[in-house]
There are 2 protein chains.
Amino acid sequence: MPGARPKTRDADATRARILAAAKEEFARLGLGGARVDEIAEKAQANKRMIYHYFGSKENLFRIVLEEAWLDIRNAEQELELDHLPPEAALETLVRFTWNYYLDNPEFITLVNSANLHRGRHLEGSERLRTASRRFVNMVRDILDRGVAAGVFRPGIDPVQLNITIAAIGYYYLTNRHTGAILFERDFMTPQALAERLAFNIETVMRLVRA
Amino acid sequence: MPGARPKTRDADATRARILAAAKEEFARLGLGGARVDEIAEKAQANKRMIYHYFGSKENLFRIVLEEAWLDIRNAEQELELDHLPPEAALETLVRFTWNYYLDNPEFITLVNSANLHRGRHLEGSERLRTASRRFVNMVRDILDRGVAAGVFRPGIDPVQLNITIAAIGYYYLTNRHTGAILFERDFMTPQALAERLAFNIETVMRLVRA
DNA sequence: CTTCAAAGTAACCAACCAGTGCGTTATGCA
DNA sequence: TGCATAACGCACTGGTTGGTTACTTTGAAG
């Protein structure tokens, strides 16, 4: 929940409250479903302020998206995977990705919304491209070290591996509602979550092992 | 594109045109973004006919979703995987799933929309549950035959395997727009698609092999 | 032919919604 | 203290949207 409005005027705080409320609403209802009035109310701000700080609903969406992505890329960097042996580094990345999706469920729905709109709102974000390049290099480094140590097979594309690591967690969580109906099981019990994580680690390890 | 309006009155054809147009619009813009007037125009029908046949926008969405799921479940059955040896059956399923997503891109966005609304529109569809049960049994049978033949390891949960097979294709395609921006490569060239399919087959085979 | 239910249409409505015009209030600085 | 600037708020609009009312047309059974 965005915090309460401060007594005195504070541009940064108001901007931040709007951003937090927008993230919630866009994640819950998508770009088309979210209401600017609702965002303003949740942020304890006036709708006029949204247009003052962000210009348009679409631009607000754009900034929410960019922030969300920069957040996960920063968190990945803080894992310092280059300090771990390759197998431990990869398993840590799989666990981290899974837990990040669990702890930040709005990230997944925001990404879905962005893609429904064909990625239009992320085009031209140089900050994001830079962060992503660093991330891919980190995974490439893990793979290279694993090959050198003889524990990973050579020739694996780090981008394909990244996509797979994200996919096996992301899909399970984003499609948990229809999954629960089709497969007649609760996807979100602690046991179900633990089983899925173990399955995913096994999948990735078998994929890379020499 | 839904066909042109027939000369004479034809309730079934009108209903079908509305359904086809709705599928397109819901897939393109989501439940909230789709416009009933637009669906009526695309279907060459009057908006009132939508309410006559389907009662409400939400109910129209519900039926579009159910049809889309039944379509893929039926197509899977037609593969007759029980006539193939276990390894060939599994690879065929991975290829089929991938190609189905490629040939029916609206399926993916419909599923995303359904999950944004927490699966609410699929609740209580007994037809769908029956079809899904048969599908899971089919995969379980492939796994069992593979274990008996000594080519697959035992203890694999067919539901987890299903989820993974869907995930590694689905995620790549649904997130191809943001992926293209982040990873600075075109996800949809024939070569990129062939590489991803090969990677996915490798992933699944390594996951199940004894 | 007649009849009548179903198919089809146009015009409408109340609610809603992104965006704005314009005025007010607080704050930092000279 | 006075002033420029930025933060903030209210009330409105022009256009849109899901859904409805009241009506005409069609086809087929008897």
Q. Nearest-Å distance, CZ (R15(A)) to P (dC8(D))?
A. 13 Å

**Q.** Euclidean distance, atom CD of residue Q44(B) to atom C1' of dA7(C) [Å, nearest integer]
**A.** 16 Å

**Q.** Phosphate contact (dG8(C) OP1 or OP2) by T14(B) side-chain N/O below 4.0 Å
**A.** yes

Q: Compare all side-chain heavy atoms of I168(A) with those of R196(A) and state whether any distance is below 4.5 angstrom.
A: yes

Q: Please report, rounded to the nearest Å, how far the P atom of dG8(C) is from the CZ atom of F54(B).
A: 12 Å

Q: Send over the distance from M49(A) CE to dG9(D) P, rounded to a whole Å.
A: 7 Å

Q: May I have all residue pairs that pass salt bridge (Lys or Arg N to Asp or Glu O under 4.0 Å) and include part of residues 93-111 of chain A, sequence neighbours excluded?
A: K23(A)-E106(A), E91(A)-R95(A)

**Q.** Integer-rounded Å distance: dG8(C) P and E41(B) CD
**A.** 17 Å

Q) For H52(B) and dA7(C), is the shortest distance between a side-chain N/O and OP1 or OP2 below 4.0 Å? A) yes

(Q) If I take atom CG in residue L29(B) and atom C1' in nucleotide dT17(D), what distance separates them, rounded to the nearest angstrom? (A) 14 Å

Q) Hey, does Y53(A) reach any base, or is it just sugar-phosphate, or nothing, if we go heavy atoms under 4.0 Å? A) sugar-phosphate

Side chains of residues 183-193 of chain A: which donor-acceptor pairs under 3.5 Å do they make with residues two or more places apart or in other chains?
unit_1  : atom_1 : unit_2  : atom_2 : d
E184(A) : OE1    : R133(B) : NE     : 2.9
E184(A) : OE2    : R133(B) : NH2    : 2.9
R185(A) : NH1    : D157(B) : OD2    : 3.1
R185(A) : NH2    : D157(B) : OD2    : 3.3
D186(A) : OD1    : M188(A) : N      : 2.8
T189(A) : OG1    : A192(A) : N      : 3.0
Q191(A) : NE2    : E195(A) : OE2    : 3.0

Q) Under the ring-ring contact (aromatic ring centres under 6.0 Å, His included) criterion, do F26(B) and F61(B) qualify, and how do the steps go? A) CA-CA 7 Å; F26(B) 285 137; F61(B) 184 64; 5.0 Å; yes

Q. Got more than 12 heavy atoms from elsewhere within 6.0 Å of CZ, R118(A)?
A. no

**Q.** Parallel, tilted or perpendicular: rings of Y100(A) and F107(A) (30°, 60°)
**A.** perpendicular

(Q) I need a per-nucleotide contact map over nucleotides 14-22 of chain C, read 5' to 3'. Cutoff is protein heavy atoms under 4.0 Å; write B for the base, S for backbone only, - otherwise. (A) ---SBBBBB

